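Everything numeric in this text was worked out from a predicted model, so none of it was measured. Along the sequence shown, residues are numbered consecutively beginning with 1.
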Amino acid sequence: MKAGDALPALERTIQAADMVAYAGATWDWHRMHYDLVYLRDRGLHLPVVDGQMLGAFLAEQVQDSLGPAARLRRLRFRLTARVFAGETVRVTGVVTAVDGERVTIEQWAAVADRVAATGVAEVALSSFPEASVE
C-alpha cells in the first residue's frame with residue numbers, strides 16, 4: 001500500500017427501512033428522518049438520511065478495503081450536502097500517507113453529482129500471528 005492507491009468504492013442505496021434500523025441503533029428519532037408532514041412544512045420532499053450514517057459508511061469502506069488487520073484509529077468527517085431516502089451513496093477513498101503501520105486515507109461520500117461528506121481516516125495496520133491448529 002502506498003500514497004495514491006485508491007480504495008475500492010462502497011455503494012449503498014439507503015431505503016426507509018435502513019433509516020429506521022439506524023435510528024433504532026443510535027436512538028436518533030428526529031422527525032426529519034421519517035415524518036413527511038414535518039418535512040413538507042419545511043420545504044423538503046423526502047426524509048433526510050442521518051449524517052452519522054454517512055460516517056458509518058466511511059468507516060465501513062476502510063474496514064472492508066483494508067481487512068481485519070486494520071484498526072480505525074480516528075475518523076473525521078464533514079457533512080456538505082443532504083442525502084435523501086432512496087438515494088445511492090458512493091464512498092471513494094485514496095491513501096494519502098503511509099508511515100510504517102499508520103495509513104491516512106482521504107474519503108468522499110457522493111450522491112450523483114454532489115459530495116455529501118468528506119473525511120480523513122487514520123488507520124493502524126497490524127499483523128496477527130497465524131493461528132495454529134493441532
> Could you state the interatomic distance from CZ (Arg42) to CG (Asp35), rounded to the nearest 0.5 Å?
Replying inline: 8.5 Å
> From Glu101 CD over to Arg73 CZ, what is the distance, rounded to the nearest 0.5 angstrom?
Replying inline: 10.5 Å
Side-chain donor/acceptor pairs under 3.5 Å, residues 106-115, sequence neighbours excluded:
unit_1 : atom_1 : unit_2 : atom_2 : d
Gln107 : NE2    : Leu58  : O      : 2.9
Gln107 : NE2    : Gln61  : OE1    : 2.7
Arg114 : NE     : Arg82  : O      : 3.2
Arg114 : NH1    : Glu87  : OE2    : 3.4
Arg114 : NH2    : Arg82  : O      : 3.1
Arg114 : NH2    : Glu87  : OE1    : 2.5
Arg114 : NH2    : Glu87  : OE2    : 2.9

Atom pairs and distances, donor-acceptor, side-chain atoms in residues 88-96, under 3.5 Å, two or more places apart:
unit_1 : atom_1 : unit_2 : atom_2 : d
Thr88  : OG1    : Thr13  : OG1    : 2.6
Arg90  : NH1    : Glu11  : OE2    : 2.8
Thr96  : OG1    : Thr104 : O      : 3.3

> Between atom CG of Leu39 and atom CZ of Phe84, what is the distance when rounded to the nearest 0.5 Å?
Replying inline: 8.5 Å
> Between Asp50 and Met19, is any pair of side-chain heavy atoms under 4.5 Å apart?
Replying inline: no
>> For Asp28, give me all partners under side-chain hydrogen bond (donor to acceptor under 3.5 Å, both in side chains), at least two apart in sequence or on another chain.
In response: none
> For the residue pair His30 and Tyr38, does the interplanar ring angle fall in the parallel (under 30°), tilted (30 to 60°) or perpendicular (over 60°) class?
Replying inline: perpendicular
> Do side-chain atoms of Tyr22 reach the backbone of Val49 as a donor and acceptor pair under 3.5 angstrom?
Replying inline: no
> Do Leu72 and Leu7 sit in the same hydrophobic cluster, where Ile, Leu, Val, Met, Phe, Trp and Tyr count as joined when their side-chain heavy atoms come under 4.5 Å apart?
Replying inline: yes
> Can you name the side-chain hydrogen bond (donor to acceptor under 3.5 Å, both in side chains) partners of Asp5, sequence neighbours left out?
Replying inline: Lys2
>> Taking ring pair (Phe, Tyr, Trp, His ring centres under 6.0 Å) as the definition, give me every residue that meets it alongside Tyr34, ordered by chain and number, with sequence neighbours left out.
In response: none
> Mind checking whether Val48 and Met53 sit in one hydrophobic cluster, side chains of I, L, V, M, F, W, Y counted as touching below 4.5 Å?
Replying inline: no
> Considering all heavy atoms of both residues, which atom of Gly55 and which atom of Leu75 are nearest to each other, and what is their separation?
Replying inline: O-CD2, 3.5 Å
> Is there side-chain contact between Thr26 and Gln52, with heavy atoms separated by less than 4.5 Å?
Replying inline: no
> Thr80 and Ala117: which non-hydrogen atoms are nearest, and at how many Å?
Replying inline: OG1-N, 3.5 Å
> Quick one: side-chain hydrogen bond (donor to acceptor under 3.5 Å, both in side chains) partners of Gln15, sequence neighbours excluded?
Replying inline: none
> Which pair of heavy atoms, one from Val98 and one from Ala3, lies closest together, and at what distance?
Replying inline: CG2-N, 4.2 Å
> Where do Ala85 and Leu46 come nearest, in terms of heavy atoms and distance?
Replying inline: O-CD1, 3.6 Å
>> Are Phe57 and Val83 packed together at the side-chain level, in the sense that at least one heavy-atom pair is separated by less than 4.5 angstrom?
In response: no
> What distance separates Glu60 CD from Arg12 CZ, expressed to the nearest 0.5 Å?
Replying inline: 4.0 Å
>> Quick check: is Met1 connected to Leu10 through a chain of hydrophobic side chains (ILVMFWY, heavy atoms under 4.5 Å apart)?
In response: yes
